2 protein chains.
Amino acid sequence: MKPHPAKQNIKVAVDNCIFTIIDNELYVLLIQMKKRPYQGMWALPGGLVNQPENLDKAALRILKDETNVTDVYLEQLYTFGKTKRDVFGRVISIAYFALIPSANQQLKTLAKYQSVQWWKYVDLPKLAYDHNDIVKYAKQRLEWKIEYTNVVWSLLPEKFTLNQLQKTYEAILGKEIDKRNFQKKIFALKLIQPLGQKAMYGAHRPAELYKFRSRKPKIVQIL
Amino acid sequence: MKPHPAKQNIKVAVDNCIFTIIDNELYVLLIQMKKRPYQGMWALPGGLVNQPENLDKAALRILKDETNVTDVYLEQLYTFGKTKRDVFGRVISIAYFALIPSANQQLKTLAKYQSVQWWKYVDLPKLAYDHNDIVKYAKQRLEWKIEYTNVVWSLLPEKFTLNQLQKTYEAILGKEIDKRNFQKKIFALKLIQPLGQKAMYGAHRPAELYKFRSRKPKIVQIL
DNA sequence: CCAAAAGTGTTAACGCTACACCCATGT
DNA sequence: ACATGGGTGTAGCGTTAACACTTTTGG
């Protein structure tokens, strides 16, 4: 707490674990590293916090640098601070967890990375640093969040069908849910609103489109 | 993430929010500061992380310096990192939240503090830095934790009565609970075990003493 | 015998789970 | 007409919440 001049030299970084849903499956955004010793390996997008910059701002800045997202749910996850987690010196990483709507945004690969890509959560490779731990932790937080809050809205587009909503839950929880029971719960919570429009996209009955009544974080019990 | 030589100079501190139960009420451990500009103000006990020291270790070290606790529940809470939260420069604080058994331990006042004392949660003064925010956040975490996990054990002595257990819940949640329903839930969870001993302490029927079957953290649904 | 806290069951309301058939559309 | 996903109701079960009197002890 006291900032007396000690010879502490710790770098402070932020790493983002960004989730989205593509084709009813859960994806995580990874970058491929250019520099040794992790050259070619995949990792979470991150960077050092600027000297005069709040942590949340740093996370947002880094997130915007990689995706062009504006409509994003962002929340601090956990701070990882093992002494030897980085080979170059002591770096603690404040991990953030972000949810973005079904990725229609264009990714841009920054010069500092070899590449940027969405990875299916179930097929993640071995990541640099302790990033596998971070992702695991973030996934757990995500599971809790969608069961006890209304954050799903941040994974869905403006308009969506009940089936899309349900598939999103199923993708994250990794289990099937009964259609009728699911709808009963969702309706009982009054979180969503029918639009009186139909989604027509296949050789079958069109589905009603819905939107969220509110996109503010709320605590609710969903499943 | 990358520890290239930037001119980042951020100090990393740990602050502990330590709870206990005294006379069926919730208390927080505070220290009184000696130095300006917060001289005389109360704050959470904390300190800078040592260069070669894991964050959890730092929290534990600081905790042991203030109380002589060994049997403690400790968990990382949140990282507070607003740019101007400390007047002397940029300091981010990784807040920890700790639960210790009904405080029979002796507090020691370190030379660096004016005094160390347990404060009733409901009567907290205005604290230094952003420590009121930290305590509020920790209290919230505590409420969730006792409802969804078995951490209460870390607030109770080895042997306790059902009433003590219930009073602990009531102190934290700030509401009364029905005795019969409470006992049903607790027994159904099979977390505790009668000792066949009675607590005799007043002009009334003696109460059965119990202990926890296990003192390992578990996820359970209690209330 | 009185005061104080311990101990103990039942009922009604509600919420959860399991489960199957018809509907609207495009081909 | 058929294939595909959309939309809808009920019954049984378990869980929760509300509620009051008797027991054991010390003074």
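In what follows, every chain begins at residue 1, and chains take the letters A, B, ... in the order their sequences are listed. This structure is a prediction, so every number in the text was calculated from the model and none was measured.
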### Query
Hey, which of these two, B:K179 or B:K185, hits DNA chain D nearer its 5' end, going by closest nucleotide?
B:K185
### Query
A:F80 vs A:Y137 aromatic rings, parallel, tilted or perpendicular, using cut-offs 30° and 60°?
perpendicular
### Message
Distance check needed: D:dT24 C1' versus B:L162 CG, whole Å only.
### Response
16 Å
### Query
A:N163 near the nucleic acid: base, sugar-phosphate alone, or nothing, with a heavy-atom cut-off under 4.0 Å?
sugar-phosphate
### Message
Using a heavy-atom cut-off of 4.0 Å across all strands, would you classify A:F182 as base, sugar-phosphate, or nothing?
### Response
nothing
### Whole angstrom value for the distance that separates P of D:dT15 from CG of B:D178
18 Å
### Query
In terms of the nearest nucleotide of DNA chain C, which residue is placed more toward the 5' end: B:A203 or B:A207?
B:A203
### Query
Rounded to the nearest Å, what distance is computed from the CD atom of residue B:Q166 to the C1' atom of nucleotide C:dA5?
12 Å
### Query
Between B:Y201 and C:dA6, does any side-chain N or O lie under 4.0 Å from OP1 or OP2?
yes
### Query
Which part of the nucleic acid, if any, lies within reach of B:E208 when heavy atoms closer than 4.0 Å are counted: base, sugar-phosphate only, or nothing?
sugar-phosphate
### Message
Would you say the ring centers of A:F19 and A:Y27 fall short of 6.0 Å from each other?
### Response
no
### Task
Provide, to the nearest angstrom, the distance between the OH atom belonging to B:Y210 and the P atom belonging to C:dG7.
6 Å
### Query
Does the C:dA20 base have a donor-acceptor partner in the side chain of A:R180 within less than 3.5 Å?
yes
### Task
Mind calculating the distance between NZ (A:K198) and C1' (C:dG26) to the nearest angstrom?
16 Å
### Between B:Y73 and B:K145: side-chain donor-acceptor atoms closer than 3.5 Å
yes
### Summary
Among the nucleotides D:dC19, C:dG7, D:dG6, whichever has the atom closest to the side chain of B:R205 is C:dG7
### Message
Nearest to the A:H204 side chain among D:dC19, C:dT25, D:dT4, which nucleotide is it?
### Response
D:dT4
### Summary
When rounded to whole Å, the CD to P distance for the pair A:Q183 and C:dA18 reads 17 Å
### Message
Can you measure B:I186 atom CD1 to D:dT16 atom C1' for me and round it to whole angstrom units?
### Response
15 Å
### Message
Using a distance-only criterion (donor-acceptor N/O pair, under 3.5 Å, no hydrogens), is the base of C:dT10 paired with the side chain of B:K184?
### Response
yes
### Message
With a 6.0 Å cut-off on the ring centroids, do B:Y78 and A:Y78 count as close?
### Response
no
### Message
Let's see if you can work this out: which of D:dT25, C:dC19, D:dT23 has an atom nearest to the side-chain heavy atoms of B:M200?
### Response
D:dT25
### Heavy-atom side-chain proximity of A:K175 to A:E170 below 4.5 angstrom
no
### Message
Does A:F187 reach a base, just sugar-phosphate, or nothing at all? Heavy atoms under 4.0 Å.
### Response
nothing
#### Entry: Integer-rounded Å distance: C:dA6 C1' and B:Q164 CD
14 Å
